[in-house]
Number of protein chains: 2
Amino acid sequence: MVYTSDYPIFSVTVDVVALTISSDTLCALVVRRGEEPHRGRWALPGGFVHVDEDLAPAAERELLEETGVRVDALEQLATYGAPGRDPRGRTVSVAHLAVIPWAPEAQSGSDAADVEWRPVTTLLRSRQLAFDHRTILADGVERARSKLEYTNLATRFVPELFTITELRAVYDVIWGSELDPGNFHRKVVSGTDGFVEETGERRVGGAGRPARLFRTGPAASLNPPLTRSGQMRGPRR
Amino acid sequence: MVYTSDYPIFSVTVDVVALTISSDTLCALVVRRGEEPHRGRWALPGGFVHVDEDLAPAAERELLEETGVRVDALEQLATYGAPGRDPRGRTVSVAHLAVIPWAPEAQSGSDAADVEWRPVTTLLRSRQLAFDHRTILADGVERARSKLEYTNLATRFVPELFTITELRAVYDVIWGSELDPGNFHRKVVSGTDGFVEETGERRVGGAGRPARLFRTGPAASLNPPLTRSGQMRGPRR
DNA sequence: ACAAAAGTGTTGAGCGTACACCCATGG
DNA sequence: CCATGGGTGTACGCTCAACACTTTTGT
């Protein structure tokens, strides 16, 4: 089919920065490109928006088609539309952020040669990403970092039932911090009401005293926020 | 000219939420539509992106062309792409936020029948805006509100040289607060270094002790942030 | 009993709100 | 002189980082 228009033609694509934590490392989902341009390089999952489709559903669909990863909610990040960002023509890409609990094994998808979770530090250090996807990834990671402060975003990195220590691990991995376990526990549990909800259950099996299991509470925003700077572990000076 | 494409055709537009403060009221810039659809209704300034043009420059250009308002920096807000949001066809709009110092008189532009600064409360209460521009405006105002907390955005609502009281008025108008003059002064001047810079000059003419004049400092982010909840004027209980 | 992890108590420093009060100008 | 707005001083209360300590399990 060939489409025609009186106005300049743009293709609109969606790209997804899908983040998770795998073996104490923040990882992003990338697919190896099977076609030109940038054949063989890694790229964020994404693709063209259909004519009758809204942006967020398109992002969900592309993520599922290319990687097999299903996600319920995903948040718009920003839109990238520099002329020349895609050699095939004028495309505008609406980037989205998706957070995936813990470390699900990457599944191969339909129209991508290869799918992998790779550490973001590696992806950002090198130039292995196609198009302007390195910029998009960097923006997505920065967004996640700052949303940890004042939203319950961290709870979306852990399974449905989680311990406070697991939640703290999310902060430590993403911020590169080493938060004080005691203070963190208090802030999260008693601080802002509804951030986490206690289930009656406890985690069994691990060493030491069994931890209580929580689930995500109704409160989406944290008051007061958790701070990146303060609350580090270290000598009192 | 007629354009053709193998992919679904989108038109990409930019819309601008331009905010300023006029007689103690937060106002947005709107243009009266001279053409169908929505002829005669108010709309945010905006229009189609050119083929070889990046998004932010397109927004600046449209703002200038339609309203005569020139702006240097403007920030991307979000992208709106629901099918059916524009009856002419499938359009995706990238919304931007612009902040204009104080109250410049609205100038008439070239291809808009009428241009006006109107209070955002009025615009948001009624359904007088075309397309989904009411949603876009609401999102833009909310963004401004929250960026006052942790960035120097407030300084862009005032002239190049301003007094601390004028800066406080920006917060009071946009937040609907009544911040304590003394505490605000201290927080802004001594608190975060570089938020505002002292010029040697003073404001002459007004009643009372002449106020020192400041200009915007280099620091773009506020540490610690100004809080919306705290610092109100009111009885100690 | 011991190790290990979860969770609680405590304390001192620092910050922010709510004011009281002084300063500098115009009328 | 007074009125008006600019700006500083200060005290009380609260929060929070630091870290000691208790609790609860596995081995």
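Please read all numbers here as calculations on a predicted model, not as lab measurements. Labels below follow one simple rule: chain letters A, B, ... track the order of the sequence lines, proteins then strands, and each chain is numbered from 1.
For A/Lys187, no side-chain nitrogen or oxygen approaches OP1 or OP2 of D/dT15 to under 4.0 Å. Taking side-chain N and O atoms only, A/Thr163 has no distance below 4.0 Å to OP1 or OP2 of C/dG7. For A/His185 and C/dT8, the shortest distance from a side-chain N or O to OP1 or OP2 is below 4.0 Å. Residue A/Arg212 has a polar side-chain atom (N or O) positioned under 4.0 Å from OP1 or OP2 of C/dT8.
The separation between A/Arg168 atom CZ and C/dA6 atom P is 7 Å, rounded to whole Å. Here the P atom of nucleotide D/dA17 and the CD atom of A/Glu178 are 15 Å apart, to the nearest Å. As rounded to whole Å, 16 Å separates atom P of D/dG7 from atom CG of B/Leu179. Look at CG on B/Asn183: it is 13 Å from P on D/dG9, rounded to the nearest Å. In this structure, B/Asp180 places its CG atom 15 Å from P of D/dG9, rounding to the nearest Å. Distance, A/Leu226 CG to D/dC16 C1': 12 Å, rounded to whole Å. Between the CG atom of B/Leu213 and the P atom of D/dG6 there is a distance of 12 Å, given to the nearest Å. Residue A/Glu149 contributes atom CD, which lies 14 Å from atom P of D/dC16 at whole-angstrom precision.
For A/Pro210, counting side-chain heavy atoms from C-beta on, the closest listed nucleotide (D/dC19, D/dT25, D/dC16) is D/dT25. Among D/dA17, D/dG6, D/dC16, the nucleotide with an atom closest to any side-chain atom of B/Arg209 is D/dG6. For A/Thr227, whose side chain is taken as the heavy atoms from C-beta onward, the closest listed nucleotide among D/dA17, C/dA6, C/dT25 is D/dA17. Among the nucleotides C/dG7, C/dC19, C/dG9, the one closest to the side chain of A/Arg186 is C/dG9.
Comparing B/Arg202 and A/Arg202 against DNA chain C, the residue whose closest nucleotide sits nearer the 5' end is A/Arg202.
For the pair B/Arg127 (side chain) and B/Arg134 (backbone), a donor-acceptor distance under 3.5 Å is absent. Remark: the backbone N or O of A/Ile174 is paired with a side-chain donor or acceptor of A/Arg145 at under 3.5 angstrom.
B/Leu226 CG to B/Phe184 CZ: the interatomic distance, rounded to the nearest 0.5 Å, is 5.5 Å.
No hydrogens or angles considered: a donor-acceptor pair under 3.5 Å links the side chains of A/Tyr80 and A/Asp139.
For the pair A/His133 and A/Trp42, the minimum side-chain heavy-atom distance is 4.5 Å or more.
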